[in-house]
Amino acid sequence: IIALVVLIANKSMSQSATPQKASWEPYNSAITAGAVTALGIIVGTRYPGEITPQIGPSINWFRNNTAEFNQFYNIVAPGQDLGIEFGNVIGYSAGATIGTVNPGINFKSGLLLESKGRSFTAEGWLDDTYYHTEGYSSINYFTIPFTIGASSDIRNFAISIDLGGFVSLPVSEYHESTTNGVTSEFEPLQTVGIDGGILTDVGLKVPINESLSFRTDLRLASGLADNLRLAYGAYTQSAQILFGVSFRPKSK
């Protein structure tokens with residue numbers, strides 16, 4: 001827990017100081033997952049529950065109105081023939097969830113480090129010069145999910161469906177674009193705000209023994225906050241598949 005607090009404080013001070021590229025070192029993911037798992041074990045040994053450290057890839061994109069973006073471009077450069085298309089980027093999620101283990105309705109929460117973002121391609125004529133730009137944005141968040149759902153045992157498997165929401169706190173951001181062969185790396189824009197939205201999760205759990213189970217989750221998250229504060233709106237979208245091992249401590 002102390003390591004996690006220090007980590008967040010360090011990142012916050014780094015972004016508020018002199019401009020620098022904001023990136024996430026891989027070992028920070030291990031610190032995050034370890035701190036959350038430790039907290040989960042402490043809680044789980046006192047109250048009946050289940051702790052699941054998880055990690056997995058994600059496909060991320062932004063939901064926005066391309067027509068509005070093109071209109072915004074035309075306001076910036078009136079009379080110019082410009083256009084843009086948005087795409088997805090590969091990210092990841094790493095952390096741990098904590099949930100109840102009742103036979104019926106269950107609650108889950110936790111803490112995950114997530115990489116979100118989108119790619120884009122823009123091209124067109126500006127002042128008699130043709131421009132072709134490709135780039136992407138990558139934004140790291142600490143995400144706190146909170147869901148409620150039900151599970152059902154089918155033979156040796158347990159299938160669960162959970163619905164709820166999430167809150168994501170920005171940690172760092174990185175932006176890169178290549179225009180006519182020239183690559184630019186943008187410093188943190190300091191425009192990223194808190195993200196939040198709705199979450200759907202379908203999980204499959206396979207028992208290993210009385211205390212351990214292998215678990216995989218397919219998770220869809222849809223942001224409802226324009227966390228980039230852009231004129232045309234930008235809302236995060238994410239499809240994740242997470243793998244982990246659930247641990248059920250013996251309650252005292």
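- Going from atom CZ of F157 over to atom OG of S213 covers 12.0 Å, rounded to the nearest 0.5 Å.
- The closest donor-acceptor contact from the side chain of D162 to the backbone of L199 lies at 3.5 Å or more, if one exists at all.
- Side-chain contacts under 4.5 Å among hydrophobic residues (ILVMFWY), followed directly or transitively, place I148 together with I105, F107.
- Partners of Q240 according to the side-chain contact (heavy atoms from CB on, under 4.5 Å) rule, which considers only residues two or more places apart in sequence or in another chain, are S58, S93, E114, R219, S238, L242.
- Residues S151 and K205 have side chains that never bring a donor and an acceptor to within less than 3.5 angstrom of each other.
- Using bins of under 30°, 30° to 60° and over 60° for the plane-to-plane angle, the ring pair F243/F214 lands in the parallel bin.
- Checked by atom type and distance alone, the side chain of R118 never pairs as donor or acceptor with a backbone atom of R63 at under 3.5 Å.
- At a cut-off of 3.5 Å, with distance as the only test, no side-chain donor of T147 or D201 sits close to an acceptor on the other residue.
- Remark: side-chain polar atoms of S246 are not paired, donor with acceptor, to backbone N or O of L212 under 3.5 angstrom.
- Expressed to the nearest 0.5 Å, how far CG of D195 lies from CD1 of I139 amounts to 8.5 Å.
- Side-chain atoms of N106 never come within 3.5 Å of backbone atoms of G99 as a donor-acceptor pair (strictly under, hydrogens ignored).
- Checked by atom type, the side-chain pair T97/R215 shows no donor-acceptor distance below 3.5 Å.
- No side-chain heavy atom of K116 sits under 4.5 Å from any side-chain heavy atom of V89.
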